[in-house]
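Encoded as structure tokens, the structure appears first; notes follow it.
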Amino acid sequence: MEWREEGIVLGVRRQGETSAVAEIMTRDRGRHLGLVRGGRSRKLQPVLQPGNQVEATWRARLDEHLGFMTVEPVQLRAAHLMESAIGLHGIQLLAAHIRLLPERDPHPRLYDAIQTIVSHLGTPLLAGALMLRFEVMLLEDLGFGLDLEQCAASGRRDDLVYVSPKSGRAVSREAGEPWKDRLLPLPGFLVGADETLDGDGLIEGFRMTRFFLARHVWEPRAIDEPVSRNGTLGAIERGLSAG
């Protein structure tokens, strides 16, 4: 068994004295692990850093084996990401989210989204918007997609400002008015509304995705919300305040 593909390094763990197990996200093969001989060497340690783009070659006798992986640098982003709190926490959060998915299960949309996000982690508002959209896509790929196309009560496709915590469906302003205290705010930019993206909208959006991730994913799996998520959101808020 053998394949060759570009991927993004998500993490690495020590294996023996000189080797390492690399964890990368590829477009067509999903999250994949492989043993990198000499992965702890001076040459490969800088390459096997989260956020770096590499070209990986994986080989194994059988598909279900861990296999051996060799990596060649394509784009070394890690040093740049470590320069800011958003970059440092953001790449860790992306890795934590991807680990919620089955290993070797392809998710090309999420892979493409990661490529975009890591290129914009230096801009707080844009980074926040992209990360929020990523969490919405993640819920969908996990089988808990939100229906934000039309109002659950009236069928309207405009003025959607709420999300039902029960159904995960959008609700219009008029239909949701009597129950607005029980509904979750829906940022307009997520549904294509002509609304300026701002920090308050991002906070509301992340509160919404946190609710559904906790209910459908974290709590059923008995895992905590990633520490890197709070770190990322805190860094984005500080970046917005400073700007």
Side-chain angles (χ1 to χ4, degrees), residues 8 10 23 25-31 86 89-118 120-121 125-153 157 160-172 176 179 182-193 195 197 199-234 236-237:
I8 302 167
L10 299 179
E23 179 185 28
M25 178 65 176
T26 68
R27 193 175 196 278
D28 296 327
R29 300 179 185 276
R31 183 172 63 90
I86 298 177
H89 292 294
I91 192 61
Q92 294 175 359
L93 176 58
L94 289 170
H97 280 335
I98 290 298
R99 291 181 185 123
L100 296 172
L101 300 163
E103 187 182 345
R104 305 187 183 188
D105 191 10
H107 293 270
R109 285 196 317 156
L110 295 181
Y111 175 82
D112 292 342
I114 293 175
Q115 291 281 27
T116 302
I117 292 171
V118 295
H120 294 88
L121 285 175
L125 191 60
L126 182 55
L130 292 171
M131 190 70 78
L132 178 57
R133 289 186 183 276
F134 182 87
E135 291 193 342
V136 172
M137 285 192 292
L138 176 68
L139 282 165
E140 183 175 347
D141 280 26
L142 286 168
F144 307 107
L146 306 179
D147 184 355
L148 307 180
E149 297 294 324
Q150 62 183 32
C151 175
R157 293 180 177 272
L160 304 176
V161 297
Y162 304 113
V163 176
S164 166
K166 292 184 177 180
S167 66
R169 299 181 63 187
V171 180
S172 69
W179 301 279
R182 303 179 186 178
L183 300 174
L184 299 169
L186 172 61
F189 76 91
L190 281 179
V191 291
E195 181 177 310
L197 174 61
D200 291 339
L202 282 180
I203 292 171
E204 290 178 347
F206 281 115
R207 187 180 300 125
M208 175 191 69
T209 51
R210 173 185 280 128
F211 175 86
F212 290 108
L213 283 167
R215 187 172 76 175
H216 294 304
V217 185
W218 298 329
E219 291 174 5
R221 299 188 188 189
I223 58 178
D224 295 326
E225 177 180 353
V227 173
S228 54
R229 190 175 189 273
N230 288 327
T232 301
L233 301 190
I236 289 173
E237 289 186 47

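Values below: all heavy atoms of this structure, side chains included; hydrogens, waters and symmetry mates excluded.
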Spacing of [X] atom [atom1] and [Y] atom [atom2] [to the nearest 0.5 Å]:
X    : Y    : atom1 : atom2 : result
R157 : S172 : CZ    : OG    : 13.0 Å
D147 : E140 : CG    : CD    : 10.0 Å
L184 : K166 : CG    : NZ    : 12.5 Å
L94  : I8   : CG    : CD1   : 8.5 Å
L233 : L132 : CG    : CG    : 9.5 Å
R99  : E23  : CZ    : CD    : 4.0 Å

Walk me through whether T116 and R133 qualify under side chain to side chain donor-acceptor pair (under 3.5 Å).
CA-CA 11 Å; T116 302; R133 289 186 183 276; over 6 Å; no
Where is the tightest heavy-atom contact between [X] and [Y], given as atom of each residue plus distance?
X    : Y    : result
L101 : L142 : CD2-CD2, 3.6 Å
L125 : L202 : CD1-CD1, 3.7 Å
P185 : P187 : O-CD, 3.7 Å
I114 : F134 : CG1-CE1, 3.7 Å
R229 : F206 : NH2-O, 2.9 Å
R169 : C151 : NH2-O, 4.3 Å

Is it true that a side-chain atom of [X] and a backbone atom of [Y] form a donor plus acceptor pair closer than 3.5 Å?
X    : Y    : value
R31  : L10  : no
R215 : P165 : yes
T232 : H89  : yes

Could you please spell out the steps behind the side chain to side chain contact (heavy atoms under 4.5 Å, CB included) verdict for H97 and L213?
CA-CA 10 Å; H97 280 335; L213 283 167; 4.3 Å; yes
Side-chain contact test, heavy atoms from C-beta onward, threshold under 4.5 Å: evaluate it for [X] versus [Y] and give yes or no.
X    : Y    : answer
Q115 : Y111 : yes
F211 : V163 : no
H107 : M25  : yes
L138 : V217 : no

Determine whether more than 12 heavy atoms belonging to other residues, nucleotides or ligands lie under 6.0 Å from atom CZ of R104.
yes
Does a sphere of radius 6.0 Å around CD in E149 hold more than 12 heavy atoms from other residues, nucleotides or ligands, not counting ones at 6.0 Å or beyond?
no
Please lay out, stage by stage, how Y162 and R182 fare under the test side chain to side chain contact (heavy atoms under 4.5 Å, CB included).
CA-CA 10 Å; Y162 304 113; R182 303 179 186 178; over 6 Å; no
Do E135 and T209 pass the side chain to side chain donor-acceptor pair (under 3.5 Å) test, and can you show the C-alpha distance, the side-chain angles, and the key distance before you say yes or no?
CA-CA 7 Å; E135 291 193 342; T209 51; 2.7 Å; yes
